[in-house]
Amino acid sequence: MLEKIIAVFTEKFAEQPIVFRSPGRINILGEHTDYNEGFVLPAAIDKSIYVAISKRTDKQINLFAGDFNESFTTDTDNIKPGTIQWPNYILGVVDQLQKKGHSIGGFNLVIDGDIPIGAGLSSSAAVECAVVFALNEIFELGLSRMQMVPLAQKAEHVFAGVNCGIMDQFASMFGKKDNAIKLDCRSLEYEYVPIHLAGYKIVLFNTNVKHNLASSEYNTRRKQCEEGVSIIAQNHPGVNSLRDVSMAMLKDYVAGVDSLIFKRCKYVIQENQRLLGACDDLKKSDVRALGKKMFETHHGLQYDYEVSCRELDFLVDYVKNNEDVAGARMVGGGFGGCTINLIKEDVVDKLVEQISTAYKKEMDLTLSVYAVSIENGTVKCGG
Ligand code: GLA
């Protein structure tokens with residue numbers, strides 16, 4: 001990928017670029033908790049977005065996306081979201097930097113990568129992180145990783161219209177080889193937790209579907225959680241997010257008022273509790289206990305938070321009673337994308353064959369399979 005992107009860049013712009021790489025992520029546990037000021041446990045993977053870039057002396061911005069074989073040109077005085085999706089993730093970052101008062105000049109940029117799009121592995125966050133990291137470097141903005149992460153997140157809010165939490169950008173930027181990141185999304189304090197899976201492999205099954213209600217439902221879930229908080233805050237003014245809410249409070253003030261809001265909030269509170277246990281499991285390399293929690297999370301996402309879909313449920317149900325699978329659940333925002341599975345190393349090939357055939361037969365869809373390794377976060381990798 002590195003050689004390829006450099007070759008494309010030199011052919012398009014007749015000069016040598018600097019290249020940056022930012023990874024996609026998985027999440028071991030803690031789904032839909034980040035925007036509720038809860039905990040998450042993501043890790044960066046060996047699939048990345050690459051950005052090759054050089055500074056220009058004028059205001060022009062020339063973009064080329066290898067994936068789509070498509071160019072886009074604008075200039076630094078005209079940064080706004082457009083109808084073509086992919087430039088928005090790049091320009092959204094420029095917009096955020098400009099709003100913070102940074103002076104960004106023109107640049108040439110080629111983007112490419114191997115994170116499957118719409119698979120729940122955060123290809124968009126990886127783009128935002130690669131771009132903010134690249135611009136920070138070439139325009140010498142002096143921003144730290146901790147400062148760049150919320151900028152990248154805000155770019156997604158404003159130019160992609162998804163009010164995402166901070167997990168994806170944080171994981172892409174702060175990933176560490178063979179470690180998960182236990183992140184407190186309220187304080188942004190974080191701790192690396194080594195991943196030792198004693199005989200198990202992390203394998204992703206991509207449903208290869210992305211139902212288009214994903215972003216609108218995402219924003220709706222966020223609002224429903226906020227509604228739960230505001231009901232409780234009427235009685236407990238100190239409550240600012242679901243992080244401050246106990247199950248008892250939820251039962252007292254929400255259960256009798258709105259059963260849908262109750263279900264949503266219940267899932268989030270339980271998921272936060274589960275995550276703390278999952279970190280202990282991981283520290284003890286207790287893969288079976290960790291896996292059991294993953295199945296519980298999927299159950300909550302399917303029935304209480306209602307962000308799963310039949311393709312994801314099929315894949316989780318298929319492995320549920322398999323002795324060689326410690327755990328499985330959908331990963332990311334939902335409504336399609338991947339399941340994450342902890343599978344005994346020596347049976348992976350056989351299981352992949354079986355589940356691929358079954359998925360094709362039942363859903364008439366092709367399953368994609370990725371055995372992932374855990375890698376470092378955003379980095380300069382060439383030039
Ligand atoms: C998407 C969002 C994240 C997070 C997950 C669900 O990936 O971008 O911020 O909310 O969904 O856990």
Side-chain angles (χ1 to χ4, degrees), residues 22-45 47 49 88-89 92 115-129 149-175 180-186 188 190 204 206-207 210-226 241-243 264-265 267-272 274-275 278 293-294 297-298 300-302 304-309 312 329-340:
S22 205
R25 60 105 191 86
I26 52 167
N27 185 21
I28 292 173
L29 218 94
E31 216 64 89
H32 286 277
T33 44
D34 59 354
Y35 53 85
N36 288 305
E37 297 197 337
F39 297 98
V40 291
L41 192 59
I45 57 173
K47 295 190 177 299
I49 292 293
N88 289 341
Y89 298 105
I115 309 175
I117 294 173
L121 304 179
S122 297
S123 55
S124 60
V127 172
E128 291 144 4
C129 288
V149 166
L151 281 174
Q153 177 197 15
K154 200 75 198 293
E156 177 95 17
H157 291 188
V158 180
F159 271 45
V162 180
N163 288 327
C164 63
I166 205 158
M167 169 171 74
D168 303 347
Q169 290 80 6
F170 200 98
S172 192
M173 195 65 94
F174 281 92
I181 311 166
K182 179 191 171 197
L183 172 66
D184 177 340
C185 299
R186 175 148 71 182
L188 295 188
Y190 65 101
L204 308 180
N206 187 353
T207 58
K210 180 84 197 165
H211 298 294
N212 52 15
L213 57 164
S215 47
S216 63
E217 286 296 316
Y218 185 93
N219 292 344
T220 305
R221 290 301 173 282
R222 195 170 174 150
K223 283 209 197 85
Q224 289 168 333
C225 292
E226 283 162 9
S241 70
L242 286 180
R243 177 74 175 272
R264 304 289 193 249
C265 297
Y267 160 77
V268 173
I269 294 169
Q270 288 175 338
E271 181 71 349
N272 270 323
R274 230 180 340 255
L275 187 138
K293 293 187 179 65
M294 289 167 64
T297 292
H298 188 81
L301 290 166
Q302 181 178 356
D304 291 333
Y305 217 64
E306 295 181 285
V307 291
S308 187
C309 62
L312 288 165
R329 65 178 196 83
M330 54 151 274
V331 68
F335 300 101
C338 290
T339 63
I340 172 173

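Worth saying up front: this structure is predicted, and the values here are computed from it rather than measured. Both ligands and their constituent atoms are indexed starting at 1 by order of listing.
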**Complete:** The atoms of ligand 1 lying under 4.0 Å from a heavy atom of M167, numbered in the order shown, are 4 (C), 5 (C), 12 (O)
**Asked** In terms of heavy-atom contacts, does NZ of K154 have more than 12 from other residues, nucleotides or ligands at under 6.0 Å?
**Response** no
**Asked** Numbering the atoms of ligand 1 from 1, which are under 4.0 Å from a heavy atom of R25?
**Response** 7 (O)
**Prompt:** Looking at Y35, which atoms of ligand 1 are within less than 4.0 Å of one of its heavy atoms?
**Reply:** 10 (O)
**Nitrogen or oxygen of N27 less than 3.5 angstrom from that of ligand 1** = no
**Request:** Give a yes or no on whether a salt bridge exists between R221 and E306, defined as a side-chain N under 4.0 angstrom from a carboxylate O.
**Result:** no
**Asked** What is the closest protein heavy atom to atom 10 (O) of ligand 1, and at what distance does it sit?
**Response** Y218 OH, 2.5 Å
**Message:** Side chain, backbone, both or neither: which applies to R222 and ligand 1 if a contact is any heavy-atom pair less than 4.0 Å apart?
**Reply:** neither
**Request:** May I ask you to list the atoms of ligand 1 that are less than 4.0 angstrom from any heavy atom of C164?
**Result:** 2 (C), 8 (O), 9 (O)
**Prompt:** So does K223 pair up with E226, basic N to acidic O under 4.0 Å?
**Reply:** no
**Asked** Distance only, no hydrogens: is a donor on one side chain within 3.5 Å (strictly under) of an acceptor on the other, for S172 and R25?
**Response** no
**Message:** Counting C-beta onward and ignoring hydrogens, is there a side-chain heavy-atom pair between F335 and K210 closer than 4.5 Å?
**Reply:** no
**Prompt:** What are the two closest heavy atoms between Q169 and C129, and how far apart are they?
**Reply:** O-SG, 3.4 Å
**Asked** Just which atoms of ligand 1 are under 4.0 Å from any heavy atom in G333?
**Response** 1 (C), 7 (O), 11 (O)
**Request:** Would you mind checking which non-hydrogen protein atom is closest to atom 3 (C) of ligand 1, with the distance to 0.1 Å?
**Result:** D34 OD2, 3.3 Å
**Prompt:** Can you list the ligand 1 atoms lying under 4.0 Å from a non-hydrogen atom of G165?
**Reply:** 9 (O)
**Prompt:** Do Y190 and F39 have their ring centres less than 6.0 Å from each other?
**Reply:** no
**Fill in**
If you compare L121, D168, T33 by their heavy atoms, the one closest to atom 7 (O) of ligand 1 turns out to be D168
**Prompt:** Cut-off 3.5 Å, side chains only: do T297 and E31 have a donor facing an acceptor?
**Reply:** no
**Request:** For G332, take its heavy atoms, then give the atoms of ligand 1 lying under 4.0 Å from any of them.
**Result:** 6 (C), 11 (O)
